[in-house]
Amino acid sequence: MPARIRIYGQEALFSGGHWQCPDDSLQAMLEALADPRAVSHEAEQEHALYCAGKFGGLVHTPFGWEAAAHPEPEIRLEDFAPQHKPERAGWLSFMRKRAR
């Protein structure tokens, strides 16, 4: 059974690693996120939940349509900024004047 989501009032189906949607622009956005490895029912549901959350949409569950939670950010500020001096973060931080 394919996973169904609703984004911007349009429904989309995810099955066999590909999205199907009547709206071309939404299908292009979803295909950019498509995971071709998601072929089992559980993997399809998990991927559909991720995509619906990414765009602030709804996912179809056995209980009806439910709002999808936003996924965790893939990149955080803590990955690049030192904890004790976040103002010194960045790839050009070596060019800043140092306090004496």
Side-chain angles (χ1 to χ4, degrees):
M1 181 174 173
R4 292 176 30 190
I5 64 172
R6 187 179 290 164
I7 300 173
Y8 309 130
Q10 299 287 330
E11 272 193 39
L13 297 172
F14 183 68
S15 178
H18 295 286
W19 285 99
Q20 298 169 354
C21 180
D23 185 60
D24 292 336
S25 60
L26 179 58
Q27 181 164 353
M29 291 182 346
L30 292 171
E31 280 293 325
L33 297 175
D35 185 4
R37 301 168 296 170
V39 291
S40 69
H41 178 68
E42 293 81 21
E44 286 178 350
Q45 290 294 332
E46 185 178 328
H47 180 68
L49 183 64
Y50 171 78
C51 288
K54 191 84 165 168
F55 295 116
L58 304 171
V59 64
H60 190 266
T61 64
F63 306 108
W65 292 99
E66 295 180 9
H70 290 288
E72 289 292 319
E74 297 167 6
I75 298 174
R76 297 176 182 265
L77 182 61
E78 293 85 31
D79 297 338
F80 299 101
Q83 291 291 336
H84 57 284
K85 293 184 180 179
E87 68 277 359
R88 302 207 44 127
W91 66 282
L92 292 176
S93 61
F94 64 90
M95 295 180 72
R96 291 191 183 104
K97 290 185 179 180
R98 297 180 190 226
R100 294 182 189 204

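- The salt bridge (Lys or Arg N to Asp or Glu O under 4.0 Å) contacts involving residues 32-44 comprise Asp35-Arg37, where partners must be two or more places apart or lie in separate chains.
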For residues 15-23, run the donor-acceptor check on the side chains, cut-off 3.5 Å, and write out each pair with its distance to 0.1 Å, sequence neighbours left out.
| from | atom 1 | to | atom 2 | distance (Å) |
| --- | --- | --- | --- | --- |
| Trp19 | NE1 | Leu30 | O | 3.4 |
| Asp23 | OD2 | Ser25 | OG | 2.9 |
| Asp23 | OD2 | Leu26 | N | 3.0 |

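- Applying the salt bridge (Lys or Arg N to Asp or Glu O under 4.0 Å) rule to pairs touching residues 56-66 yields nothing, sequence neighbours excluded.
- The structure places CZ of Arg4 at 16.0 Å from CZ of Phe14, a figure rounded to the nearest 0.5 Å.
- By the side chain to side chain contact (heavy atoms under 4.5 Å, CB included) test, Ala43 is found to be paired with Ala38, Ser40, residues two or more places apart in sequence or in another chain being considered.
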Output a table of donor-acceptor pairs, distance under 3.5 Å, between side-chain atoms of residues 45-60 and any protein atom two or more places apart or on a different chain; print 'none' if there are none.
| from | atom 1 | to | atom 2 | distance (Å) |
| --- | --- | --- | --- | --- |
| His47 | NE2 | Leu33 | O | 3.4 |
| Tyr50 | OH | Glu74 | OE2 | 2.7 |

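- In this structure, Ile5 is not a member of the same hydrophobic cluster as Leu13, with clusters built from ILVMFWY side-chain heavy atoms closer than 4.5 Å.
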